[in-house]
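Remarks on the structure that follows.
Predicted, not measured: the structure shown is a model, and the values here were computed from it. As a basis for the values below, the full set of heavy atoms in this structure was taken, side chains included, without hydrogen atoms, waters or symmetry mates.
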Amino acid sequence: MPAPELWLLADSRLPTGGHAHSGGIESAVRRGLVRAPDDVAAWLSGRVPTAGLVTAAAAAAACALLDSRGDDPSALVAREFPSRGDGTTTGPDWEPWDAAISARTPVAALREVSRQQGRAMLRTVRAAWPHAAVTGLGTRPHQALVLGVATAAAGGTPTDAAGLAVHHLVGQVCSAAVRLLGLDPLALAGVHARALTAHGPVVGKAADAGTTAAGAAEADLLPTATTPLPEVLAVLHARSEGALFAS
Amino acid sequence: MLHRLDELDLSGGAHDHPKPGRAVRIGIGGPVGCGKTALVAALCRVLRDELSVAVVTNDIYTTEDADFLRREAVLDAERIVAVRTGCCPHTAIRDDVTANLDAVEDLVERFDPDLVLVESGGDNLTATFSYGLIDRQIFVIDTAGGDDVPRKGGPGVAGADLLVINKVDLGPLVGADTDRMAADAARVRDGKPTALVSVRTAPIPEIVDWVRAQVRVTA
């Protein structure tokens with residue numbers, strides 16, 4: 001049984017600003033590259049094992065850096081990263097992990113999107129999990145790091161963090177496809193479900209890579225992969241007029 | 001017991017007063033074409049010399065409202081920010097206010113304003129702001145949109161801190177009875193104020209004074 005608070009992190013109703021992002025698909029839809037549910041599935045088959053893998057591995061690593069393996073995340077985080085006396089805890093040095101994610105996100109437009117969403121999620125995490133080890137993340141961290149920290153605070157594992165990262169990428173794309181193309185939401189629920197099953201191995205791979213990197217304290221061990229077309233489309237999207245989604 | 005929607009009072013005690021020393025945030029909502037942007041422009045023109053003002057717009061799919069305000073030069077261009085709402089203007093002002101909060105916080109950090117106006121994307125009669133985003137909200141309706149709208153009530157008409165019935169000059173042309181609109185509004189609004197105006201053709205001192213009063217609370 002997963003930690004109960006993890007359901008909250010899986011819920012798209014958690015107010016983290018995700019509803020205003022399309023996972024890159026708006027730019028593809030506008031160019032006629034994605035028109036039907038099968039196209040959405042194909043888009044995900046390109047994106048999840050690449051950019052999705054990187055994000056999921058980074059989230060898993062962030063979670064592993066704080067992994068408490070117990071029932072009281074706050075106590076165990078405090079044990080691993082001693083209390084400062086003012087009630088705050090110190091945390092890992094996030095800078096190398098932040099830099100590693102930037103290095104694996106080729107275009108500036110998507111680095112900015114990641115930081116926008118990280119800032120938003122940080123606000124939510126502070127409200128929902130006040131004990132979360134957010135110290136040192138700064139004001140605009142990459143979203144994957146905040147997701148990993150939130151997962152640890154909610155009592156989850158690195159595999160949970162990787163799974164959540166993939167779930168939200170898939171969910172963002174599917175829900176945007178419904179709104180942009182008027183597709184049948186039931187058909188897209190099917191696409192979402194099948195994508196989570198099909199890309200289960202990506203979650204496992206990301207969790208392993210993230211845990212290994214965290215264990216070795218080597219951010220450079222995070223996986224490296226992307227798909228060029230969505231990166232280019234993301235740049236065009238950021239420059240476009242009349243876009244409905246922020247990305 | 002379930003309340004009828006038009007009996008819900010959004011302003012009743014569930015949210016804090018504006019915080020002293022902090023910019024007052026006023027949300028301006030209402031259906032498409034009711035005159036939200038014209039109201040924002042009018043407020044900026046009158047108040048910009050006495051208050052530091054900034055604006056966030058929530059166009060549904062363009063930056064047209066923000067562009068209009070910049071073109072009209074009601075404020076310095078950098079004090080007007082547009083956010084994208086992913087096809088869901090009401091989500092962005094109520095259920096997940098993240099994008100708007102980011103925009104407001106950036107404006108506050110940059111300009112330390114007295115007043116931030118957050119204009120929603122045109123939506124429907126149920127679209128209201130979360131008090132997690134704003135301190136007070138104005139709901140705008142259009143006389144030409146039907147004189148039965150106040151009678152129908154709904155969260156915007158019944159619950160907003162100020163209801164603005166705009167374009168009353170069109171009443172005779174479209175067969176709308178503005179006296180009846182005012183009476184119906186009074187009936188569902190439980191003492192909260194309603195202003196009948198024609199933003200584009202006449203001054204709006206009552207709305208300006210109401211906004212001033214909200215800002216004064218925190219001064």
Side-chain angles (χ1 to χ4, degrees), chain A residues 8 11-27 29-30 109 112-128 139-141 143 146 168 171-183 185 234 237-247, chain B residues 15-16 19 22 25 27 32 56-71 77 80-110 118-124 127-134:
Chain A
L8 194 53
D11 192 339
S12 66
R13 289 170 298 186
L14 186 70
T16 57
H19 75 95
H21 296 267
S22 78
I25 209 166
E26 181 177 9
S27 203
V29 167
R30 284 169 158 257
E112 174 60 22
V113 167
S114 170
R115 291 189 186 286
Q116 274 174 14
Q117 296 196 84
R119 169 190 183 182
M121 182 169 262
L122 197 53
R123 186 188 286 123
T124 312
V125 169
R126 284 203 167 102
T139 55
R140 303 180 84 243
Q143 187 196 22
V146 189
H168 284 305
Q172 225 166 44
V173 167
C174 287
S175 115
V178 169
R179 291 190 236 165
L180 290 165
L181 290 163
L183 297 177
H237 182 94
R239 291 178 187 165
S240 71
E241 283 290 313
L244 291 158
F245 289 84
S247 74
Chain B
H15 58 278
D16 298 333
K19 293 178 180 59
R22 196 191 78 170
R25 306 166 179 187
V32 176
V56 178
T57 66
N58 281 232
D59 276 317
I60 299 174
Y61 51 83
T62 67
T63 56
E64 196 147 315
D65 287 346
D67 294 343
F68 170 83
L69 293 171
R70 292 188 190 112
R71 202 165 54 241
I80 303 165
V81 174
V83 305
R84 287 173 176 171
T85 57
C87 301
C88 282
H90 61 265
T91 302
I93 62 166
R94 187 184 58 206
D95 310 283
D96 185 348
V97 300
T98 298
N100 277 304
L101 268 183
D102 286 345
V104 169
E105 288 175 4
D106 287 346
L107 286 167
V108 166
E109 188 176 322
R110 192 152 169 217
V118 183
E119 180 192 343
S120 80
D123 208 299
N124 59 49
T128 51
F129 285 83
S130 156
Y131 284 95
L133 172 64
I134 50 86

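- Contacts between Ser240(A) and chain B at a heavy-atom distance below 4.5 Å involve backbone atoms as well as side-chain atoms.
- The shortest distance between side-chain heavy atoms of Glu105(B) and Arg119(A) falls below 4.5 Å.
- The number of heavy atoms from other shown groups lying within 6.0 Å of CD (Glu112(A)) is above 12.
- Heavy-atom distances place both the backbone and the side chain of Asp102(B) under 4.5 Å from chain A.
- Looking at Ala99(B), there are no atoms closer than 4.5 Å to chain A (heavy atoms on both sides), in backbone or side chain.
- When all heavy atoms of Thr98(B) and Ala120(A) are compared, the closest pair comes out as CG2-CB, 3.0 Å.
- When all heavy atoms of Arg179(A) and Cys88(B) are compared, the pair lying nearest together is NH1-SG, 3.5 Å.
- Looking only at heavy-atom pairs under 4.5 Å with chain B, the residue among Thr124(A), Leu180(A), Thr16(A) that has the most is Thr16(A).
- Atom CG of Asp59(B) and atom CG of Leu244(A) lie 11.0 Å apart (nearest 0.5 Å).
- In this structure, CZ on Arg13(A) lies 12.5 Å from CG on Asp96(B), to the nearest 0.5 angstrom.
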